[in-house]
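When a ligand or atom number is given, it counts from 1 through the structure's own listing order. Side chains are part of it too, since the values below use all heavy atoms of this structure and drop only hydrogens, waters and symmetry mates. Keep in mind the model is a prediction, meaning the values are calculated, not measured. One is the number of the first residue; the rest follow in order along the sequence.
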Amino acid sequence: MNEEAISELILNAFEARTKSYCPYSGYAVGAALLTESGQVFMGCNVENSSYGATICAERCAALKAVSEGERSFKAIAIVGAPRDAKEVSDYAYPCGICRQFLSEFGGSDMTVIVAKSIDDRKVFSLGELLPEAFSSESMK
Ligand code: THU
């Protein structure tokens with residue numbers, strides 16, 4: 001992925017974060033998922049009074065993509081910070097469930113970008129964040 005495409009995806013993640021529904025944690029997360037076909041799907045965390053029913057931003061974006069027929073993921077950008085924070089002061093790494101969920105449609109080559117701003121970002125492969133992933137191959 002070129003630098004410009006990464007910046008664009010981060011911008012989309014920031015926009016997605018504005019939609020976060022996080023009345024319980026107060027922690028707002030946005031994600032922008034790029035599919036191999038070039039489409040971008042945005043997602044935010046959607047919390048629930050039954051806390052365990054909460055959906056993370058990454059899975060929100062992934063579900064939107066898959067439910068629209070997109071099953072091949074190229075990259076995801078993630079931004080997270082307390083809802084009212086003026087700046088994003090930490091990288092928001094995807095949780096374990098989201099790493100596993102993304103690996104179903106992205107595989108180890110998928111790009112995972114965590115960002116504090118357009119310029120302050122880290123880029124990983126999903127394989128780096130989820131080594132020895134469980135997959136359909138594991139069951140053969
Ligand atoms: N959250 C995400 O959206 N993505 C992650 O990878 C980790 C956590 C959300 C879930 C919950 O709404 C809030 O952050 C605090 O855990």
Ligand 1 to Glu58, heavy atom cutoff 4.0 Å, flagged ligand atoms 2 (C), 3 (O), 4 (N), 5 (C), 6 (O)
Ligand 1 atoms nearer than 4.0 angstrom to some heavy atom of Val29 are 1 (N), 2 (C), 3 (O), 9 (C), 14 (O)
Between the CE atom in Met110 and the CD atom in Glu128, the distance rounded to the nearest 0.5 Å is 13.5 Å
If we number the atoms of ligand 1 from 1 as shown, the ones under 4.0 Å from a heavy atom of Glu47 are 11 (C), 12 (O), 13 (C)
Ligand 1 to Ser25, heavy atom cutoff 4.0 Å, flagged ligand atoms 13 (C), 15 (C)
Numbered in order shown, the ligand 1 atoms found under 4.0 Å of a heavy atom of Pro94 are 6 (O)
Polar-atom distance check: Ile55 versus ligand 1, any N or O pair below 3.5 Å?
-> no
Exercise for the section: May I ask you to test the Phe14-Ile118 pair for a side-chain heavy-atom distance under 4.5 Å? Expected result: no
Nearest non-hydrogen protein atom to atom 3 (O) of ligand 1, with distance, is Ala57 N, 2.9 Å
Practice problem: Answer with yes or no whether the side chains of Ser72 and Glu36 bring together a donor and an acceptor at under 3.5 Å. | Solution: no
Of all protein heavy atoms, the one nearest atom 14 (O) of ligand 1 is Tyr27 CD2, 3.4 Å
Practice prompt. Find out if a path of hydrophobic residues (ILVMFWY) with successive side-chain heavy-atom gaps under 4.5 Å connects Leu33 to Ile10.
Written response: no
Review point. Just checking, any donor-acceptor pair under 3.5 angstrom between side chains of Ser7 and Arg121?
Key: yes
In Val123, Ile76, Leu34, Val79, the residue satisfying side-chain contact (heavy atoms from CB on, under 4.5 Å) with Ile113 is Val123
Per-atom filter on ligand 1: closer than 4.0 angstrom to a heavy atom of Asn45 are 3 (O), 9 (C), 11 (C), 12 (O), 13 (C), 14 (O)
Within the 4.0 Å heavy-atom cut-off, what Tyr93 brings close to ligand 1 is backbone
Between Gln100 and Phe134, is any pair of side-chain heavy atoms under 4.5 Å apart?
-> yes
Taken to the nearest 0.5 Å, the spacing of Ser125 OG from Leu130 CG works out to 10.0 Å
Filtering Ala28, Cys56, Gly96 for the heavy atom nearest atom 1 (N) of ligand 1 leaves Cys56
the protein heavy atom lying closest to atom 10 (C) of ligand 1 turns out to be Thr54 CG2, 3.9 Å
